[in-house]
Enquirer: 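Structure incoming, see below.
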Number of protein chains: 2
Amino acid sequence: MVKALEQKLLKHNIKPTAMRVLVLDYFNSLSAAISLSALYEEFDRSDRITLYRTLKAFEAKGLVHSIDDGTGAPKYALCEANCNTTDHNDSHIHFHCDSCERTFCLQKFSIPEFDLPTNFIQQEVKLVVNGVCDQCTA
Amino acid sequence: MVKALEQKLLKHNIKPTAMRVLVLDYFNSLSAAISLSALYEEFDRSDRITLYRTLKAFEAKGLVHSIDDGTGAPKYALCEANCNTTDHNDSHIHFHCDSCERTFCLQKFSIPEFDLPTNFIQQEVKLVVNGVCDQCTA
DNA sequence: AAAGGAGTGCAATGGAATTGCATTTTTACG
DNA sequence: CGTAAAAATGCAATTCCATTGCACTCCTTT
């Protein structure tokens, strides 16, 4: 399945180095967004800066998107399939659980339409909900 | 009008020192949210830390709310009238203009309703729009 | 007038993003 | 192959803020 991972990287114009394949593989296994620091904990073998630049590269190429959930450190999660260098289409709701501290991409819950004042041009929307997730309410 | 400012501070259980009255007065004159650093530029006579603690106190007492517009530094703006120590009711849309870099509270534009997955409990919602404001499109 | 508490200012700490540079790895081309 | 160029990596250092500790001042209260 490494092949598939490499294909995905190449499709996004990212050179598939060992590190990057590993990081992408790890992202595939995640159900919540992850911060650089948390990622670093998982990859003792690699340098924090390398991971930082890996994330930046993934983000620039539309492979992951970053979420500012108010915890101070941005978190990263895989994009939807149709993101690329010039277009990110991640307009879904993000949910931060105040109990388990995890941040989820609710990809099936898109951001609703809303009005803006006259002559305000909307380019990007970020909607972050804080609360308690299903696993913590159970 | 200093009296009125002092009254407002007292109503929020904030001791009205000269500095705090000045800061509140300055907030009243603003049409956009302001960061600590920007506030510091306006108050050469005061220490950055004092302003930092002033903002924290104002926020804790429901006089201002903070907005994370993605620029790294949080910005602050006056709350709506009915905020207090225990309740903030600032669920309006925030708009960050990528051109002039200002961040506006669109207090007349409330955040629309939306769905969450089953058993997710919503406690707070932050909606930040990036784009171009009316003055920059003109 | 003295004492205590709150506010203020300065110095220092701490965490995280970011950058510079040298080294290693990968790619491209002869 | 093999070497040169380009990209990626790792380390050190920088920078930017938020935050805290401590001393000093101001104000209130007795």
Enquirer: Protein within reach of the bases, or only the backbone? For nucleotides 2-16 of chain D, mark each nucleotide 5' to 3' as B, S or -, using heavy atoms under 4.0 Å.
Expert: -----SSSBBB----
Enquirer: To the closest 0.5 Å, what do you measure between CZ (F109(B)) and CG (L127(B))?
Expert: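 The CZ atom of F109(B) sits 13.0 Å away from the CG atom of L127(B).
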Enquirer: Calculate the interatomic distance between L10(A) atom CG and dT26(C) atom C1'; express it in whole Å.
Expert: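 Distance check: L10(A) CG to dT26(C) C1' gives 13 Å.
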Enquirer: Identify, residue by residue, the members of residues 63-76 of chain A with a heavy atom below 4.0 Å from DNA chain C, and return them in order of residue number, or none.
Expert: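 The stretch gives P74(A) as the residues lying under 4.0 Å from the strand, ordered by number.
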Enquirer: What is the distance from CG of L9(B) to P of dA6(C), rounded to the nearest Å?
Expert: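 Result: 17 Å.
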Enquirer: In whole angstroms, how far is the C1' atom of dT18(C) from the CG atom of L55(A)?
Expert: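 Atom CG in L55(A) sits about 14 Å away from atom C1' in dT18(C).
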Enquirer: Please find the pair of heavy atoms, one from A57(B) and one from I14(B), that lie closest to each other, and give the distance.
Expert: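 Looking at all heavy atoms of both residues, the shortest contact is O-CD1, 4.4 Å.
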Enquirer: May I ask you to evaluate whether K56(B) reaches the phosphate of dT19(D), defined as a side-chain N or O under 4.0 Å from OP1 or OP2?
Expert: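 For dT19(D), OP1/OP2 do have a side-chain N/O of K56(B) under 4.0 Å.
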Enquirer: Kindly assign one of parallel, tilted or perpendicular to the pair F58(B) and F27(B), based on the angle between their ring planes and the thresholds 30° and 60°.
Expert: tilted
Enquirer: Would you mind reading off the distance between Y52(A) atom OH and dG15(C) atom P, rounded to a whole angstrom?
Expert: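 Result: 19 Å.
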Enquirer: Working to the nearest 0.5 Å, report the span between CG of L30(B) and CG of L78(B).
Expert: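 If I round to the nearest 0.5 Å, the distance is 8.0 Å.
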Enquirer: Nearest heavy-atom pair of I93(B) and V129(B): which atoms, and what distance?
Expert: CG2-CG2, 3.8 Å
Enquirer: List the atom of C133(B), the atom of C100(B), and the distance in Å for their closest heavy-atom pair.
Expert: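 That would be SG-SG, 3.9 Å.
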Enquirer: Round to a whole Å and report the spacing from CG of L36(A) to P of dT18(C).
Expert: 10 Å
Enquirer: Which residues satisfy the ring pair (Phe, Tyr, Trp, His ring centres under 6.0 Å) test with H88(A), sequence neighbours excluded?
Expert: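 So H88(A) forms no ring pair (Phe, Tyr, Trp, His ring centres under 6.0 Å) with any residue.
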Enquirer: Give the intermediate values and the outcome of side-chain hydrogen bond (donor to acceptor under 3.5 Å, both in side chains) for residues N84(A) and T86(A).
Expert: CA-CA 6 Å; N84(A) 57 49; T86(A) 50; 3.1 Å; yes
